[in-house]
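Here is how names work: the chains are called A, B, and so on, in the same order as the sequence lines, proteins then strands, and each is numbered from 1.
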Amino acid sequence: MFHTESSFILIFIESLNIMQKPRVRFAPSPTGALHIGGVRTALYNYLYAKKLGGTFILRIEDTDQTRYVPGAEDYITEALAWCGLELDESPAKGGDYGPYRQSERKDMYGDFGHQLVRNGWGYYAFDTAEELDAKREEMEAKGEKFSYNALTRNSLRNSLTMSDAEVKELLDANADFTIRLKCPADEIVSINDIVRGKVEFQSNLLDDKVMLKSDGMPTYHLANVVDDYHMKITHVIRGEEWLPSTGHHVLLYRAFGWENSMPQFAHLPLILKPAPSSYLNNKNVDIYTDKFLEEFFKKHSDFTLKTKDQVRQAIRGILLDKDNLSARLQIKPKDKEDKIAIKGFLKSTLFGKLSKRDGDRLGFPVFPLAWQGEKPEDAFTGFREVGFDPMAMINFLAFLGWNPGTEQEIFSLEQLVEAFSLERIGKSGARFDYEKAKWFNQQYLIHGNNADLASQLKPLVASEGWSADDATLEKVAELYKQRATFIGDIPQAASYFFTDDFNYDEKNAKKKWKEKNAEKNHELVGILADTEDFSADNLEKVIKGFIEENELGFGDVMAPLRIAVSGVGGGPSLFEILALLGKEKSVGRLKKGYAHFEALKNA
RNA sequence: GCUCCCGUGGAGUAACAGGCUAACUCGUCGCUCUUUCACAGCGGAGAUUGCGGGUUCGAACCCCGUCGGGAGUACCA
């Protein structure tokens with residue numbers, strides 16, 4: 001009895017487990033390059049799915065034909081692949097719940113749209129876009145906001161206000177129509193968001209959103225609910241910008257009778273621009289003033305209220321007071337039109353969610369991969385092109401809105417999967433911090449395997465027109481990885497290993513080359529030329545021994561040596577440099593360098 | 001305007017369901033190491049947890065108010 005009971009419970013738990021295996025989707029629309037925030041959404045979806053042995057799905061939301069950008073879908077796929085976020089179901093890979101492009105599911109949305117009308121949850125609306133725009137303008141002139149809702153739908157042209165015959169006539173005549181959701185009155189729609197807890201919406205305040213557009217395509221709201229239901233999505237993990245429309249989505253599940261299989265929601269915090277105080281200072285105010293000024297006039301090309309110089313003064317004054325920015329930017333009743341325009345512009349460029357323009361202005365990538373837009377100003381660089389290790393970027397992104405609750409910061413993808421949970425996602429906006437991003441990359445570089453780094457270095461060195469064997473590259477990687485932020489920094493920094501054609505830091509050379517030590521320095525070159533064992537260890541013995549014997553200063557000998565051999569005063573251990581260069585090259589460079597330094601000194 | 005969300009040192013976050021001197025990372029400053037540069041190690045400065053009330057022996061945490069910021073408010077997603 002006891003046994004059967006416990007095994008029954010076990011089976012029960014097991015079947016629950018199967019039921020709970022999450023199916024999550026990343027659902028971008030192919031309207032351009034995938035923003036870094038989108039990558040983070042994809043990452044969290046992936047992590048959650050993998051943690052629980054679930055399924056990670058890519059669905060392309062291309063219901064807006066006017067905004068479709070060729071190449072965008074490829075960009076998305078390539079970006080996810082670069083990040084190592086493997087898809088279980090996707091347009092390319094297929095799956096049991098396809099097609100995975102909404103444009104290819106068009107027919108079913110139409111059916112569900114009409115079902116809404118039939119069961120009383122929707123209605124036909126015949127108002128044209130132009131009519132509604134006019135209405136909006138009219139209301140705005142009165143200082144009010146137009147909304148298609150319970151209050152206004154009875155005075156508009158729709159199947160609620162027209163007779164059945166009229167409606168039929170219009171439909172038969174193939175008149176353009178949309179189907180709108182008829183939001184019920186006096187209800188409280190509530191969700192239990194995994195990140196935010198209970199969130200409530202009053203149905204009275206929800207507008208009658210368009211579900212089916214006049215071109216027969218669904219809007220996001222209809223398509224996402226219909227697809228999530230049919231693709232058996234268990235958790236909707238998406239950006240916070242969707243939170244306000246979630247009430248509509250719940251209503252839709254209700255309208256279709258799917259409320260019991262409604263997915264759980266998790267709304268991710270926004271990724272915010274870097275805090276102005278983190279990059280603004282007294283030294284660079286003028287640079288940023290000019291940047292903002294240019295952007296301001298680009299945006300307000302017809303701005304005639306004040307001269308450019310007056311606007312510059314206004315912007316500069318506000319930026320200078322960086323600790324009180326939000327107070328300075330508040331719009332006061334006495335502010336005139338020009339001041340309001342300037343304040344409004346600064347507010348939107350200084351605060352809010354991270355945008356492409358922030359990347360341009362502040363000098364960091366905001367997209368995973370580079371993108372070539374139609375116009376030159378639409379082109380931008382990516383984390384990949386700047387030289388990021390994809391895992392460093394992923395690691396950085398993972399912490400933008402989530403933390404493991406431990407002090408560990410460096411995670412592999414597998415470790416992230418293991419540590420991740422939706423419960424530990426924060427609610428407040430996550431600020432983009434490029435310094436931190438660079439730090440992550442540096443950590444990956446430092447802890448990277450030398451052979452791996454060497455193989456990454458190879459093409460980079462080649463693209464400079466240089467070459468080196470694998471052993472040299474591996475040693476260069478070892479010596480330079482803790483001195484660089486990006487692997488791409490290394491070839492230039494270590495150029496003297498790849499070419500004899502490098503410049504001397506002449507100012508430094510002049511300072512370090514002392515006439516009184518010249519003879520001894522030349523003598524050491526001779527000793528090195530006769531040294532059999534050219535290993536770093538032995539060189540250290542030989543050189544240090546020579547210095548001590550002759551009672552010279554270390555700096556007197558090692559500094560000129562270093563500059564003659566590498567051109568610069570900094571870098572890895574001098575003995576390692578000499579050993580890697582080899583005797584022939586080292587001695588040759590020393591002779592040439594010392595002659596040059598003497599000439600410099602005499603000039 | 002309205003709706004929803006958020007508010008912890010310069011930046012990012014922590015503090016599990018109110019309980020020691022608010023912790024960690026980045027950045028910054030100093031020291032040690034290396035007679036270089038970095039890495040690393042050690043240490044310092046920096047927060048009356050947006051503000052004001054309230055509940056409580058005790059509040060970053062709960063309640064009310066207030067201010068600030070963000071998102072949404074399209075036949076875009």
Side-chain angles (χ1 to χ4, degrees), chain A residues 27-31 61-64 66-67 125 127-129 132-133 136 143-148 176-180 193 195-196 199-202 205-207 209-215 217-221 223-224 238-247 267 269-270 272 274-275 277-279 281 322-323 326-327 329-330 347 351-353 396 399-407 409 423-424 426-440 442 446 479-484 493 508 512 547 553-559 562-563 566 568-574:
Chain A
S29 69
T31 53
E61 309 235 332
D62 55 350
T63 53
D64 186 354
T66 61
R67 291 212 310 157
D127 321 85
T128 64
L132 293 175
D133 285 344
R136 246 171 234 121
E144 288 166 49
K145 196 93 188 181
F146 170 76
S147 173
Y148 211 122
D176 274 355
F177 68 88
T178 64
I179 292 176
R180 283 181 181 268
D193 190 277
V195 173
R196 279 149 221 286
V199 180
E200 292 183 333
F201 306 91
Q202 284 183 270
L205 300 167
L206 300 178
D207 64 328
K209 286 209 181 305
V210 169
M211 296 289 115
L212 207 63
K213 298 185 269 191
S214 55
D215 64 0
M217 281 293 216
T219 57
Y220 168 85
H221 310 289
N224 120 88
R238 72 210 327 180
E240 188 190 308
E241 65 269 29
W242 294 111
L243 192 52
S245 56
T246 304
H267 286 98
L270 261 15
L272 268 25
S277 56
S278 71
Y279 58 88
N281 58 49
K322 65 170 176 132
D323 295 325
S326 48
L329 292 176
Q330 267 173 59
K347 211 169 186 171
F351 301 105
K353 69 176 178 183
F396 165 66
F399 275 73
L400 243 35
W402 169 88
N403 77 83
T406 66
E407 280 171 18
E409 291 204 284
E423 286 71 26
R424 291 208 63 90
K427 291 187 230 192
S428 44
R431 204 146 245 146
F432 185 90
D433 181 359
Y434 191 53
E435 293 306 313
K436 198 76 184 251
K438 288 195 286 194
W439 178 80
F440 271 110
Q442 193 184 13
I446 290 173
L479 296 178
Y480 267 93
K481 63 183 183 181
Q482 59 201 183
R483 274 163 246 268
N508 206 353
K512 301 290 183 188
I547 292 170
F554 277 82
D556 292 337
V557 176
M558 307 236 304
R562 177 180 282 284
I563 300 171
S566 71
V568 289
S573 153
L574 175 59

Visitor: For nucleotides U35(B) and C29(B), find the distance between their C1' atoms and express it as a whole number of Å.
Guide: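 Here U35(B) and C29(B) have their C1' atoms 23 Å from each other.
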
Visitor: Ignoring hydrogens and geometry, is there a side-chain-to-backbone donor-acceptor pair from D176(A) to T128(A) under 3.5 Å?
Guide: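 Between the backbone of T128(A) and the side chain of D176(A) there is no qualifying donor-acceptor contact (under 3.5 Å).
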
Visitor: Let me know the distance between CG of D193(A) and C1' of C4(B), rounded to the nearest Å.
Guide: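 In whole Å, C4(B) C1' lies 11 Å from D193(A) CG.
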
Visitor: Rounding to an integer number of Å, can you tell me how far F399(A) CZ sits from U13(B) P?
Guide: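 Interatomic distance, CZ of F399(A) to P of U13(B): 11 Å.
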
Visitor: With the criterion being N/O to N/O and under 3.5 Å, what pairs connect the protein with nucleotides 67-77 of chain B, and how long is each?
Guide:
from: G68(B); atom 1: OP1; to: Q330(A); atom 2: OE1; distance (Å): 2.9
from: G69(B); atom 1: OP1; to: K347(A); atom 2: NZ; distance (Å): 3.2
from: C75(B); atom 1: OP2; to: R180(A); atom 2: NH2; distance (Å): 3.1
from: C75(B); atom 1: O2; to: S214(A); atom 2: N; distance (Å): 2.7
from: C75(B); atom 1: O2; to: S214(A); atom 2: OG; distance (Å): 2.7
from: C75(B); atom 1: N3; to: S214(A); atom 2: OG; distance (Å): 3.0
from: C75(B); atom 1: N4; to: D127(A); atom 2: O; distance (Å): 2.9
from: C75(B); atom 1: N4; to: A129(A); atom 2: N; distance (Å): 3.3
from: C76(B); atom 1: OP2; to: K213(A); atom 2: NZ; distance (Å): 3.2
from: C76(B); atom 1: O2'; to: D64(A); atom 2: OD2; distance (Å): 3.1
from: C76(B); atom 1: O2'; to: R67(A); atom 2: NE; distance (Å): 3.2
from: C76(B); atom 1: O2'; to: R67(A); atom 2: NH2; distance (Å): 3.2
from: C76(B); atom 1: O2; to: R67(A); atom 2: NH2; distance (Å): 3.4
from: A77(B); atom 1: OP1; to: T63(A); atom 2: OG1; distance (Å): 2.8
from: A77(B); atom 1: OP1; to: K213(A); atom 2: NZ; distance (Å): 2.8
from: A77(B); atom 1: OP2; to: Y220(A); atom 2: N; distance (Å): 3.1
from: A77(B); atom 1: O3'; to: E61(A); atom 2: OE1; distance (Å): 3.3
from: A77(B); atom 1: O2'; to: S29(A); atom 2: OG; distance (Å): 3.0

Visitor: Using the C1' atom in both, what is the distance from C6(B) to C61(B), to the nearest Å?
Guide: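 Going atom to atom, C1' in each nucleotide, I get 16 Å.
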
Visitor: Give E200(A) one of three labels, base, sugar-phosphate or nothing, depending on what nucleic acid heavy atoms sit under 4.0 Å from its own.
Guide: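 Contact class for E200(A): sugar-phosphate only.
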
Visitor: Should C4(B) form a Watson-Crick or G-U wobble pair with both distances under 3.5 Å, which nucleotide is its partner?
Guide: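 Its partner is G70(B) (Watson-Crick or G-U wobble, both distances under 3.5 Å).
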
Visitor: Between G19(B) and A59(B), how many Å separate the two P atoms, rounded to a whole number?
Guide: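 Roughly 11 Å separates the two P atoms.
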
Visitor: If I pick the C1' atom on A60(B) and the same atom on U48(B), what distance separates them, to the nearest angstrom?
Guide: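 U48(B) and A60(B) have their C1' atoms separated by 12 Å.
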
Visitor: Examine Y434(A) together with F396(A) and report whether their ring centres are nearer than 6.0 Å.
Guide: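 No, ring centres 6.0 Å or more apart.
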
Visitor: When you check the gap from the basic side-chain N to the acidic O, do R67(A) and D64(A) get nearer than 4.0 Å?
Guide: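 A salt bridge is present here (some side-chain N lies under 4.0 Å from a carboxylate O).
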
Visitor: Can you check the distance between G7(B) and G43(B), where both ends of the measurement are the C1' atom (answer in whole Å)?
Guide: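 Here G7(B) and G43(B) have their C1' atoms 32 Å from each other.
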
Visitor: Expressed in whole Å, how much space separates the C1' atoms belonging to U3(B) and G50(B)?
Guide: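 To the nearest whole Å, 23 Å.
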
Visitor: If I pick the P atom on U49(B) and the same atom on C62(B), what distance separates them, to the nearest angstrom?
Guide: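 My reading of the P atoms in C62(B) and U49(B) gives 15 Å.
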
Visitor: Pick the closest RNA chain B nucleotide for G555(A) and for K427(A) by heavy atoms, then say which residue is nearer the 5' end.
Guide: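 Residue closer to the 5' terminus by nearest nucleotide: K427(A).
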
Visitor: How long is the line joining CG of L479(A) and C1' of U34(B), in whole Å?
Guide: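 Rounded to the whole Å, the gap is 14 Å.
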
Visitor: All N/O contacts under 3.5 Å from nucleotides 36-40 of chain B to the protein, with atom names and distances to one decimal?
Guide:
from: U36(B); atom 1: O2'; to: G569(A); atom 2: O; distance (Å): 2.8
from: U36(B); atom 1: O2; to: R562(A); atom 2: NH1; distance (Å): 3.4
from: U36(B); atom 1: O2; to: G569(A); atom 2: O; distance (Å): 3.3
from: U36(B); atom 1: O2; to: G571(A); atom 2: N; distance (Å): 2.9
from: U36(B); atom 1: O2; to: G571(A); atom 2: O; distance (Å): 3.2
from: U36(B); atom 1: N3; to: R562(A); atom 2: NH2; distance (Å): 3.0
from: U36(B); atom 1: N3; to: G571(A); atom 2: O; distance (Å): 2.6
from: C37(B); atom 1: O2; to: R483(A); atom 2: NH1; distance (Å): 2.6
from: C37(B); atom 1: N3; to: R483(A); atom 2: NH1; distance (Å): 2.3
from: C37(B); atom 1: N3; to: G571(A); atom 2: O; distance (Å): 3.4
from: A38(B); atom 1: O2'; to: Q482(A); atom 2: O; distance (Å): 2.2

Visitor: Take atom C1' in C75(B) and the same atom in G68(B), then report the distance between them in whole Å.
Guide: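 Result for the C1' pair: 36 Å, nearest Å.
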
Visitor: Calculate the interatomic distance between N403(A) atom CG and A23(B) atom C1'; express it in whole Å.
Guide: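 Nearest whole value for this atom pair: 12 Å.
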
Visitor: In the strands shown, is G41(B) matched to any nucleotide by a Watson-Crick or G-U wobble pair with both distances under 3.5 Å, and which?
Guide: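 Base partner found: C31(B).
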
Visitor: Can you check the E409(A) CD to C26(B) P distance for me, whole Å?
Guide: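 For the pair E409(A) CD and C26(B) P, the rounded distance is 7 Å.
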
